[in-house]
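Step one of this worksheet: look at the structure below.
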Amino acid sequence: MRAGLVLATALVAGIAPVALGGAAATAAPAVNRAEAAVEPGTVVQDGGPAKVWAGEEGPGTVRFRADVPAGVTGPVTATLGFGKPVSTWPGGGVTPDRLAAGLRTTASVNGSAPVPVAWYPARADETEPIVVDLPAVQAGSTLDYAVTLDLSSSHDWLGSFYLSVQLKDARGNVVSQGKADVDVVLGTPEAALRGAVHARDKDGVLWRYEAAGRTDGRLTPRKRVGGGWGAYTAIVPLGRTTADGRGDLVARDKDGVLWYYQGSGDPDAPFKPRVRVGGGWNVYTALATNGYDLVARDRDGVLWNYLSDFHGKFQPRVRVGGGWNVYTRISGYAGGLVARDAAGVLWKYNPRTVAPSPSKPFDARAKVGGGWNVYNALAGTEDLGRWNHLDLLARTTGGDVYAYQGKTSGFGYVPTTRTKVGWNWNIYDTVI
């Protein structure tokens, strides 16, 4: 009778009944499944491997769905592992820290607003050397994720890889897992890798054309830089002129004064106010860029080299050599020069590879080919196409404009296959 009273009291109080002598009378109480390991659900990618461009196209999206077992409650967090072993990475200083810092990534769960997330190096797993945690959300039977990857063209080496996906509850139990595949495709070169060209019309207005990054070499519609450029008898670019507004100019006025225009980094207003370099430059019949330096030919055919400090100042001139009056046109190209002789033969002067000096900036000239007398303007540029490397712009006497794709050879970059990129350019008296 007393034992029955004890059992009844225990049941009312919610205490597990215990038989006299200490043996369990029933099973242990149920435990919330969020507090215990469960058989994980699966992660399924939507639409197969995600295509992500490495270039100017912007972010690509990786979409996947995570199924979560019934009974799991509380917050769950998804972690992605970057599935491309370090042993397959290129050299050149690519490390997990640098890759993690360069992967611009956002995440959205169940249609929420995307938020930035940051990758970080994994502790030990070389197979998945970096990881990223996605925002925690309340558990549900199905969770839909959208993860964006915004890659630069320098990430094209990634090729194909996978993202491992693992969801854990608040106690660290795995509640869903799987993977998503990604294919990285080289896209449009960024503005800093595309060339730009300037042309002055007969009213003294300077115009700007930028490469669009297309395979056909098409240029963007021209932009007006400004008027008053008719005051100059020579205009020469210095360094790399690119579509992001970088690149400097020097310009010689009719009094022989040389002026320096520093690039602004703004494509719509690409130059800062001019700075005076100095006078006496009317002694030269030709000026051309030599990388970031300047070369000048005098009336006797002697070529002089002016080393630049990259800020519009030049060291005293150094004599390179005579005989340069054989050329009817001299233009900067690929860190060196191209020069056309009276017979229409184009020659390439590469930067000196052994013991360069101010007086010996070039290797021996190399013949590119004949027939270049059809052009009345030559201008070395950055890439005007789509991953064509350094190009050479050439205008015919009829006003058609061609971009010659640059290719490496036994003596450096040379212009090869041409593509027509413009016409009616005879409205310009200067193309640079």
Side-chain angles (χ1 to χ4, degrees), residues 195-199 211 217 234-242 247 249-250 284-298 301-306 308 320-353 356 360-385 388-397 400-422 425 428 430-432:
V197 179
H198 294 93
I235 307 172
V236 178
L238 289 179
R240 301 177 62 243
T241 302
T242 51
L249 290 179
V250 289
Y284 299 118
T285 59
L287 300 175
T289 182
N290 175 29
Y292 285 91
D293 301 325
L294 190 65
V295 293
R297 181 187 65 191
D298 66 24
V302 176
L303 193 71
W304 300 88
N305 192 15
Y306 287 86
S308 169
V320 176
W324 286 76
N325 273 343
V326 298
Y327 298 121
T328 58
R329 187 165 296 276
I330 303 171
S331 300
Y333 173 68
L337 299 177
V338 286
R340 184 190 62 197
D341 64 25
V345 176
L346 192 70
W347 301 88
K348 174 72 187 299
Y349 286 85
N350 281 313
R352 192 174 180 86
T353 54
K360 296 181 178 180
F362 308 115
D363 284 334
R365 71 178 188 174
K367 184 178 180 181
V368 176
W372 288 78
N373 270 344
V374 298
Y375 301 117
N376 59 13
L378 298 174
T381 72
E382 295 296 305
D383 190 357
L384 295 182
N388 288 347
H389 307 296
L390 303 173
D391 292 339
L392 182 66
L393 197 74
R395 181 185 64 185
T396 69
T397 55
D400 292 334
V401 179
Y402 292 89
Y404 278 84
Q405 181 177 343
K407 291 290 187 181
T408 56
S409 68
F411 52 94
Y413 273 103
V414 294
T416 56
T417 307
R418 73 176 189 175
T419 302
K420 188 174 181 178
V421 297
W425 278 47
Y428 301 121
T430 299
V431 177
I432 56 172

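Source: prediction; values computed, not measured.
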Checklist entry - How are the rings of Tyr413 and His389 set relative to one another: parallel (under 30°), tilted (30 to 60°) or perpendicular (over 60°)? => result tilted
Can you see which heavy atom on [X] is nearest to which on [Y], and at what distance?
| X | Y | answer |
| --- | --- | --- |
| Tyr333 | Asp391 | CE1-O, 3.3 Å |
| Tyr428 | Arg395 | O-NH1, 2.7 Å |
| Pro351 | Gly335 | CG-O, 3.1 Å |

Checklist entry - What is the distance from atom CG of Leu346 to atom CG of Leu378, rounded to the nearest 0.5 Å? => result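 Output value for this atom pair is 6.5 Å.
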Next on the checklist: For the CG atom of Asp341 and the CZ atom of Arg329, what is their distance to the nearest 0.5 Å?
Outcome noted: 13.5 Å
Say whether, by atom type as modelled, one donor and one acceptor occur between the side chain of [X] and the main chain of [Y] under 3.5 angstrom.
| X | Y | result |
| --- | --- | --- |
| Arg240 | Thr381 | no |
| Arg340 | Tyr375 | yes |
| Asp363 | Thr353 | yes |

Next on the checklist: Can you tell me if Lys420 has over 12 outside heavy atoms packed within less than 6.0 Å of its NZ?
Outcome noted: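 Yes, enclosed.
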Next on the checklist: Let's go through Trp425 and Asp400 carefully: what are the C-alpha distance in whole Å and the side-chain angles of both, what is the deciding distance for side chain to side chain donor-acceptor pair (under 3.5 Å) to 0.1 Å, and is it a yes or a no?
Outcome noted: CA-CA 6 Å; Trp425 278 47; Asp400 292 334; over 6 Å; no
Should [X] and [Y] count as side-chain neighbours, where that means a heavy-atom distance under 4.5 Å?
| X | Y | result |
| --- | --- | --- |
| Ser308 | Leu294 | no |
| Val197 | Ile432 | no |
| Leu390 | Asp383 | no |

Next on the checklist: For the residue pair Arg297 and Trp324, would you count it as a cation-pi contact if the rule is NZ or CZ under 6.0 angstrom from the ring centre and within 45 degrees of the ring axis?
Outcome noted: no
Checklist entry - Just checking, Arg352 and Phe362: is the charged tip under 6.0 Å from the six-membered ring centre and within 45° of the axis? => result no
Next on the checklist: Applying side-chain contact (heavy atoms from CB on, under 4.5 Å), can you list everything that pairs with Thr417, at least two apart in sequence or on another chain?
Outcome noted: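 With sequence neighbours excluded, Thr417 shows a side-chain contact (heavy atoms from CB on, under 4.5 Å) to no residue whatsoever.
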Next on the checklist: I need the single residue from Leu392, Val368, Leu337 that forms a side chain to side chain contact (heavy atoms under 4.5 Å, CB included) with Lys348. Which is it?
Outcome noted: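 Single pass found, and it is Val368.
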